[in-house]
Each structure stands twice: as C-alpha cells, then as structure tokens.
Amino acid sequence: MLEYDPLKRITASEALDHEYFRMDPPLGRNAFVASQPMEKKAGMNPSVPRGDSTAPAAAATAKKERSWNGRLSKNKSTMEVERVQYTSPPSVTVPIIDLSDLDDDLVAHALGKASEEWGAFQVVNHGIPAELMRRLHEVGRQFFELPAAEKEAVAVLPGSKSLEGYGAKNPNLPKSWNDHLFHKIWPESYIDYSFWPKNPTDYKEVTEEYTRHMTKLSEKIMGCLSNGLGLGREKLKERLGGGVYKLGINYYPPSNSVIGAPAHTDINAFTLLVSNGVPGLQVFKDNHWFDVEDINSAVVVILGDQIMRLSNGRYKSVLHRSTIDKEKTRMTWPVLIDHVPGMIVGPLPELVGDDNPPKFESLTLEEYLYQSLAKRKERKDSNMRLGDG
Ligand code: OGA
Ligand code: NI
C-alpha cells in the first residue's frame with residue numbers, strides 16, 4: 001500500500017515549481033500525441049508554461065513524440081481541441097492523448113507510456129458526439145433530481161451481491177458523499193433492465209447509444225494497451241473475454257465538509273469517466289495528489305487492478321479520489337470494464353519468464369473479487385460498489 005498524506009495536494013501549476021519537476025524530466029516523457037501538422041493557433045493561452053525547449057535532443061524527439069497542450073475549442077459543439085506544440089513539456093498533469101492521430105503506433109506508444117507512468121490519461125477527439133454527451137448528462141441529472149421515492153424504484157436490493165441499482169450516501173463512509181446509480185450495460189445477456197430507470201423516458205435510448213460508443217472506444221484503448229505491451233491488438237480483449245461493461249453515475253451535492261469518492265484504486269480492469277464539467281478528480285503520483293484538468297469532451301481513462309495484474313505490474317493501477325465542490329453539484333459517469341466471469345485474472349503468459357517472474361497470482365474473476373473485496377473490507381477505505389462481478 002502506498003504511503004500518502006491525504007491533505008497534501010498539488011495543482012499542475014504548483015507542481016511546475018516543485019523541485020522534482022526541475023530535475024530534467026526524461027525527454028518525451030508524458031508525450032502528447034496530435035493528429036495533424038500542428039500550428040500555433042491565434043489567441044492560444046496555454047496554462048502550462050513552455051518547458052525548457054532548448055534541450056538539444058528535443059527537436060529530434062519532437063518529431064517522434066510530438067507534444068502539445070490540448071485546449072478547448074471555443075466552439076463547444078465540436079469535439080475538436082485546439083493544439084499548441086511544445087518540444088518538452090514537464091510531466092505535471094495526466095497525459096492528454098489525441099485519438100484522431102493517424103499514426104496508430106504513436107498513439108499506442110503514448111498510451112502505454114501514460115499507463116506505465118500514471119495509470120491514467122485523458123483521451124480527446126474520440127468520436128463521441130457532443131450532442132450525445134449532452135443528452136447523457138441531461139438524463140442523469142433528471143434522474144437524480146427525482147423525488148427519493150422514484151429513485152428508490154431502482155434501489156440496490158438489500159443483501160444484493162451485484163450492487164446494481166440506486167444507492168444514497170453510504171452510512172459506513174461518513175466522511176464521503178456519493179449518491180449513485182450503477183448497472184450493467186453490455187453485453188446484452190448480462191443486463192438486468194429492472195435497475196435501469198424508467199424515468200426519464202429516454203434514459204434507455206440514450207444509455208444504449210452511449211454504450212455503443214463506449215464499447216468502440218474501449219476496444220480501441222484495449223488495442224493500444226495490448227500494443228503498448230508488445231502484444232497483438234486483440235490480446236487484452238481476448239483475456240477479458242470481451243469484457244463486461246457497467247455504467248455508474250455519481251452524484252455529489254455541494255458540500256464543504258465531506259469528500260466525494262475516498263482514495264481508492266478501481267478493482268475492475270479500467271474505467272472510462274466523463275464529468276458534468278465540475279472538476280474534482282485527483283490522481284496520486286510521486287507522493288502528491290494531482291488535479292485532473294476538466295476538459296470538456298475528454299474521457300478520463302483510469303487503469304485498475306485487473307489491468308495491473310494482466311500486465312504483470314507494468315501498467316499502474318492508479319490511486320484516485322474525488323473532491324466535492326462547495327457550490328456546484330458534481331456528476332460523473334464512469335463506465336467500468338471487467339473480465340467476464342470465469343476468465344483468469346493474472347499476468348499474461350507472454351509477459352512472464354525466468355527473468356520476469358509473475359508478480360501476481362492467477363485467479364478466476366470470482367476468486368479475485370472475493371479476495372480483493374475481503375481485503376478492502378478490512379481496510380474499509382474502498383468504494384465497495386466497484387467490486388461486483
Ligand atoms: C469511481 C471514481 C471519481 C469521480 O467512480 O470509481 O473514482 O470523480 N469516480 O467521480
Ligand atoms: Ni474509481
């Protein structure tokens with residue numbers, strides 16, 4: 001277990017001044033990928049000052065690992081972000097990766113690197129229509145604004161193992177607040193529609209459309225993560241058995257006395273998270289909490305314990321938490337991807353050998369969840385709803 005100080009938190013700009021980051025970060029670390037030949041656009045005002053671009057090797061590396069700072073386009077109806085090129089940005093925030101890059105190797109490389117160093121990254125230009133995101137936010141907000149009795153219609157059942165359904169604040173976690181809805185969305189045969197809200201009436205249609213985009217995006221990411229491990233594109237997907245997808249919706253009302261989600265790692269393979277634009281997610285790295293910049297339209301990818309195990313520890317399972325805004329309600333939509341029940345959670349055989357012994361036991365998903373949940377229960381620091389199979 002990592003040692004951390006929950007009160008220590010650092011913003012990207014503070015981190016730039018931090019001693020650690022003045023010590024010559026390895027060139028190209030935390031490289032961002034851009035799709036087109038990049039031009040500096042008029043009126044750009046990058047939040048991160050330029051790194052020391054005079055490093056001699058920078059120009060050569062910049063060709064291979066083009067770096068940029070993604071900024072929001074003024075035009076919110078497009079999914080495009082504007083770009084500005086840097087030669088060597090300091091590694092101060094969760095990497096932002098442009099999925100519209102035509103160079104697949106470059107994308108896989110950036111993704112693999114981010115997964116090794118941070119265990120988290122953001123993807124932009126992923127092809128999910130802005131209008132669909134808007135509708136997803138709308139139906140989620142409408143559901144949580146219903147009277148309690150209507151939300152209770154899809155409540156988690158007492159003693160439920162799957163933990164599917166609506167749950168209000170967890171009384172076992174007095175210092176955190178997290179109303180949530182949670183249910184399976186894919187594959188079809190795993191879905192229990194009794195946990196999907198009937199109100200608002202377009203909840204089902206919007207969620208199904210979002211699911212189609214999420215499975216596509218997740219398969220692209222799995223392909224890159226496989227490539228990043230030096231394996232064929234289909235490898236991770238095969239090992240997950242195609243994956244079981246669950247949608248969570250977190251609802252954090254404004255507060256200045258509680259935290260949102262307490263510090264935890266995700267027990268699943270990986271998570272694709274979007275927010276309603278109210279920042280609050282933080283990830284832990286190098287002994288500090290980093291704010292994850294809230295970029296409209298970006299999807300945050302959080303690697304969890306199952307991917308860490310598959311990769312035999314090469315990819316990090318990132319410790320993260322969420323803070324609560326004092327004035328605004330924050331909402332997030334994590335899509336959690338798990339192994340299919342019965343699949344083996346353990347190091348990929350291609351990644352272990354005499355020089356590289358397995359760091360984790362190989363267990364079926366059910367055994368793995370049983371063990372992990374038992375440990376988490378002991379620690380009492382976990383977000384238990386993440387642990388269903
Ligand atoms: C989660 C989670 C963070 C957030 O649901 O697993 O980490 O910002 N959420 O809501
Ligand atoms: Ni999480």
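Quick note: residue numbers are just sequence positions, from 1. As the structure lists them, so they are numbered: ligands from 1, and atoms in each ligand from 1.
Without hydrogens or angle criteria, S311 side chain to Y315 main chain gives a donor-acceptor distance under 3.5 Å. Put simply, the side chain of D291 never gets that close to the backbone of E293: no donor and acceptor are under 3.5 Å apart. When atom types are taken as modelled, the side chain of Q122 and the backbone of I97 share no donor-acceptor pair closer than 3.5 angstrom.
Taking the Ni ion (ligand 2) as the apex, the angle formed with NE2 of H264 and NE2 of H320 is 90°, to the nearest 10 degrees.
Using modelled atom types and a 3.5 Å distance limit, the side chains of R135 and T207 yield no donor-acceptor pair.
Numbered from 1 in the order shown, with element, the atoms of ligand 1 that lie under 4.0 Å from a heavy atom of S322 read 4 (C), 8 (O). Each of the following atoms of ligand 1 lies closer than 4.0 Å to a heavy atom of N250: 5 (O), 9 (N), 10 (O). Close contacts between ligand 1 and L273 involve ligand atoms 3 (C), 4 (C), 9 (N) [criterion: under 4.0 Å to a heavy atom]. Each of the atoms 4 (C), 8 (O), 10 (O) of ligand 1 lies under 4.0 Å from some heavy atom of T332.
In plain terms, the two heavy atoms of L319 and W289 that are nearest each other are O-CZ3, 3.8 Å.
Neither the backbone nor the side chain of R321 has any atom closer than 4.0 Å to an atom of ligand 1 (non-hydrogen atoms only). If you look at T271 next to ligand 1, there are no close heavy atoms at all, none under 4.0 Å. Looking at L336 against ligand 1, nothing comes within 4.0 Å, counting heavy atoms. With a heavy-atom cut-off of 4.0 Å, P334 touches ligand 1 through its side chain alone.
When the Ni ion (ligand 2) is compared with the N/O/S atoms of D266, atom OD1 turns out nearest.
Look at R330 and you'll find a heavy atom under 4.0 Å from some atom of ligand 1. Residue H264 places a heavy atom under 4.0 Å from ligand 1.
Both tests hold for K204 against Y193: distance to the six-membered ring centre under 6.0 Å, angle to the ring axis within 45°.
Comment: E164 engages K184 in a salt bridge, judged by a side-chain N to carboxylate O separation of less than 4.0 angstrom. Ion pairing between a basic and an acidic side chain is recognised when a charged N comes within 4.0 Å of a carboxylate O; K113 and E117 show such pairing.
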